[in-house]
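Report on the structure given below.
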There are 2 protein chains.
Amino acid sequence: MELEQAKQQFIQTWGNFGTQWGINRSMAQVHALLIVSDSPLCTEDIMERLSISRGNANMNIRELTNWNLIYKESIAGDRKEYFRAEKDMWEVAKRIVKERKRRELEPLQQHLAELKKVEQSYESISFVATIENIERLVSRLDSLSGTLMKADEHVFFGKILNLFK
Amino acid sequence: MELEQAKQQFIQTWGNFGTQWGINRSMAQVHALLIVSDSPLCTEDIMERLSISRGNANMNIRELTNWNLIYKESIAGDRKEYFRAEKDMWEVAKRIVKERKRRELEPLQQHLAELKKVEQSYESISFVATIENIERLVSRLDSLSGTLMKADEHVFFGKILNLFK
DNA sequence: ATGTATTTTCAATTATTATTGAAAATATTG
DNA sequence: CAATATTTTCAATAATAATTGAAAATACAT
């Protein structure tokens with residue numbers, strides 16, 4: 001397979017993978033494109049390479065910036081903004097986890113806490129127990145993600161794997 | 001808040017949460033309904049409680065069954081099929097992880113392996129390095145999920161948390 | 001300040017995904 | 001084996017989400 005072909009394929013694969021996780025295809029594809037690009041790209045470049053509109057490119061670039069997955073980079077003598085991706089994939093994973101935690105786990109925890117305020121009764125006992133069960137799970141995922149964030153990659157996995165062998 | 005109201009709210013919340021993770025709203029809602037239901041429910045019950053069509057109910061019940069998140073249950077003297085949900089949320093988490101691993105991580109690993117077959121050249125070096133970086137990440141997620149699956153809840157989190165304090 | 005390049009916004013459109021519901025298939029009963 | 005209950009399928013429809021593109025806003029240079 002040729003290099004350009006392989007990159008194209010990767011962009012496709014990453015896009016599909018994204019949609020399965022609630023990330024829209026274009027966003028995942030812009031991300032993939034920047035990951036496999038050796039030099040920073042501007043909006044025009046991205047529009048061309050992915051055949052998407054300016055609006056679409058702009059919106060997803062912004063969103064990826066919010067997720068801390070890509071950075072602005074200026075090129076001397078050019079007034080356009082260029083973008084490059086974080087290429088350390090462990091770092092990428094950590095940032096995605098961090099962001100989803102903030103955007104989803106935390107709000108979910110609040111919702112669950114609200115639900116426990118249901119009026120007490122014989123019938124509500126098992127409901128509250130279930131909610132508490134979920135709270136426990138969520139707070140565990142939460143600590144796990146916190147741990148993940150702080151842990152150095154090598155040390156973390158080394159210890160995990162040793163723990164259970 | 002009243003119990004029925006709280007259950008309704010939970011179903012809503014679980015549904016929204018699902019959509020953010022690539023699971024369709026109805027499926028998440030059927031799941032939620034069964035989680036908070038004290039007795040097993042049949043298709044009719046589910047249709048009514050969620051105001052969804054027979055086809056929709058049937059399809060999502062089947063899908064939840066494939067994910068091992070709900071079970072068929074028969075009620076003596078009734079010829080309809082009834083369903084109940086696994087209520088141990090740790091178990092639920094493990095099954096979701098197991099299923100997503102099988103459906104997504106494994107195919108992704110195959111794709112990545114393919115991409116490494118790109119023809120060697122000066123330009124392809126960094127591409128292959130990136131792919132290998134991703135492979136490493138994926139195989140780590142893979143072991144982590146494997147570990148998760150076998151680990152007892154308490155032991156697992158106890159050890160994790162001790163590790164990093 | 002004026003003109004030009006660049007970025008952003010957002011209503012309209014298109015594409016995708018989910019849902020319906022009636023018909024077909026299957027299972028169960030007497 | 002009918003008759004009936006139940007489940008499944010799937011083409012049509014509806015709902016949702018993504019995308020476009022041109023206009024507005026902003027940033028920059030002279």
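Computed from a prediction, not measured in an experiment: that's the story for all the values here. Labels below follow one simple rule: chain letters A, B, ... track the order of the sequence lines, proteins then strands, and each chain is numbered from 1.
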From C-beta outward on [X], which listed nucleotide comes closest to its side chain: [options]?
X: A:R79; options: D:dT6, D:dT7, C:dT4; result: C:dT4
X: B:N58; options: D:dT7, C:dT20, D:dT19; result: D:dT7
X: B:D78; options: C:dT7, D:dT6, C:dT19; result: D:dT6

Indicate yes or no for a side-chain donor-acceptor contact from A:K72 to the backbone of A:F83 under 3.5 Å, with no hydrogens or angles considered.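 No; judged by distance alone, with no hydrogens or angles, the pair does not exist.
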
Distance in angstrom units between [X] [atom1] and [N] [atom2], rounded:
X: B:E63; N: C:dT17; atom1: CD; atom2: C1'; result: 14 Å
X: A:K72; N: C:dT6; atom1: NZ; atom2: P; result: 15 Å
X: B:N16; N: D:dT16; atom1: CG; atom2: P; result: 12 Å
X: A:M59; N: D:dA18; atom1: CE; atom2: C1'; result: 7 Å
X: B:R54; N: D:dA5; atom1: CZ; atom2: P; result: 12 Å
X: A:I61; N: D:dT19; atom1: CD1; atom2: P; result: 14 Å
X: A:N60; N: C:dT9; atom1: CG; atom2: P; result: 13 Å
X: A:N56; N: C:dT8; atom1: CG; atom2: P; result: 14 Å

Within a radius of less than 6.0 Å around CE of A:M89, do more than 12 heavy atoms belonging to other residues, nucleotides or ligands occur? yes

Just to be sure I understand the geometry, which residues of residues 19-50 of chain A put a non-hydrogen atom under 4.0 Å away from DNA chain D? A:N24, A:S26

Quick check: on DNA chain D, is the nucleotide nearest A:I52 upstream (toward 5') of the one nearest B:K80, or the reverse? Name the residue that is more 5'. B:K80

Using a 4.0 Å heavy-atom cut-off, does A:R62 contact any base of the nucleic acid, only the sugar-phosphate backbone, or nothing at all?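 Touches sugar-phosphate only.
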
Should the pair A:W14 and A:F17 be assigned to parallel (<30°), tilted (30 to 60°) or perpendicular (>60°) ring geometry? parallel

Between the side chains of B:D38 and A:S126, is a donor N or O closer than 3.5 angstrom to an acceptor N or O? yes

Does any part of the side chain of B:M27, heavy atoms only, come nearer than 4.5 Å to the side chain of B:W67, both counted from C-beta?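 When only atoms from C-beta onward are counted, B:M27 and B:W67 do touch, with a gap below 4.5 Å.
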
With the side chain counted from C-beta on, respond yes when B:L69 and B:R95 share a heavy-atom pair under 4.5 Å apart, and no when they do not.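 Side chain of B:L69 against side chain of B:R95, heavy atoms only: contact under 4.5 Å found.
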
From the options A:K116, A:H111, A:K117, select the one residue that forms a side chain to side chain donor-acceptor pair (under 3.5 Å) with A:E114.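 When side chain to side chain donor-acceptor pair (under 3.5 Å) is applied between A:E114 and each of A:K116, A:H111, A:K117, only A:K117 qualifies.
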
